[in-house]
J.: 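Quick one: the structure is below, questions incoming.
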Amino acid sequence: MSTINITNARKDLYNLVENANRYHEPALIVGKKGNAVLISEDDWRAIQETLYLDSIPGMTESILEGAKTALADCIPEDSVSW
């Protein structure tokens, strides 16, 4: 994660946003009244999804167990009734 002071971040905001989106490189913006982290919207949504799924009782264990299942043992996607 790169670190930049708020004055320079203001001057270089376009590049900071571009790097966050293109390279998924967060930027720590340091200010006198506190710090903030700039991340891409995609990364933010992924974090929120992870937190949501982790909040469902048993979901983390279910995902970990499912990851151990061999692909050959899985049901084809078109056979799943949603």
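When reading the values below, keep in mind they use all heavy atoms of this one structure, side chains included, and skip hydrogens, waters and symmetry mates. On a predicted model such as this, the values are computed, not experimentally measured, just so you know.
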J.: Between Cys74 and Thr69, is there a side-chain heavy-atom distance shorter than 4.5 Å?
T.: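 Answer yes - side chains close enough.
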J.: Using side-chain hydrogen bond (donor to acceptor under 3.5 Å, both in side chains) as the criterion, list what pairs up with Ser62, not counting sequence neighbours.
T.: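 Partners of Ser62 by the side-chain hydrogen bond (donor to acceptor under 3.5 Å, both in side chains) criterion come out as none, since no residue qualifies.
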J.: Could you measure the distance from the CD1 atom of Ile6 to the NZ atom of Lys33? Nearest 0.5 Å is fine.
T.: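 That separation rounds to 10.0 Å.
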J.: Name all residues meeting the side-chain contact (heavy atoms from CB on, under 4.5 Å) criterion together with Asn21; count only those two or more places apart in sequence or in a different chain, and write none if there are none.
T.: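 side-chain contact (heavy atoms from CB on, under 4.5 Å) check on Asn21 returns Val17, Ser40.
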J.: Which heavy atom in Ser79 sits nearest to a heavy atom in Ile75, and how many Å separate them?
T.: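 Closest pair (atom of Ser79, atom of Ile75, distance): CB-CG2, 3.6 Å.
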J.: Quick one: list whatever passes side-chain hydrogen bond (donor to acceptor under 3.5 Å, both in side chains) with Glu41, sequence neighbours left out.
T.: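 Here the qualifying residues are Arg45.
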J.: In Å and rounded to the nearest 0.5 Å, what is the CG to CD distance from Leu16 to Glu25?
T.: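 Reported value, rounded in 0.5 Å steps: 10.0 Å.
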J.: For residues 5-22, pull every pair meeting salt bridge (Lys or Arg N to Asp or Glu O under 4.0 Å), keeping only residues two or more places apart or in separate chains.
T.: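 Applying salt bridge (Lys or Arg N to Asp or Glu O under 4.0 Å) to every pair that reaches into residues 5-22, excluding sequence neighbours, yields Glu18-Arg22.
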J.: Taking atom CD as the centre, does Glu77 end up with more than 12 heavy-atom neighbours from other residues, nucleotides or ligands that are less than 6.0 angstrom away?
T.: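 Check fails, neighbour count at 12 or below.
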J.: To the nearest 0.5 Å, what is the distance between CD1 (Ile63) and OG1 (Thr50)?
T.: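 That separation rounds to 8.5 Å.
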J.: Apply the hydrophobic cluster definition, ILVMFWY joined by side-chain contacts under 4.5 Å directly or through others, and give me every member besides Val30.
T.: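 Hydrophobic cluster check, Val30: joined to Met1, Leu28, Val37, Ile39, Trp44, Ile47, Leu51.
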J.: For the atom pair CD1 (Ile4) and CD1 (Ile29), what is the distance rounded to the nearest 0.5 Å?
T.: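 Spacing of CD1 (Ile4) from CD1 (Ile29) equals 7.5 Å.
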J.: Please identify each residue that fulfils side-chain hydrogen bond (donor to acceptor under 3.5 Å, both in side chains) with Asp73, with sequence neighbours left out.
T.: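 For Asp73 there are no side-chain hydrogen bond (donor to acceptor under 3.5 Å, both in side chains) partners, ignoring immediate neighbours.
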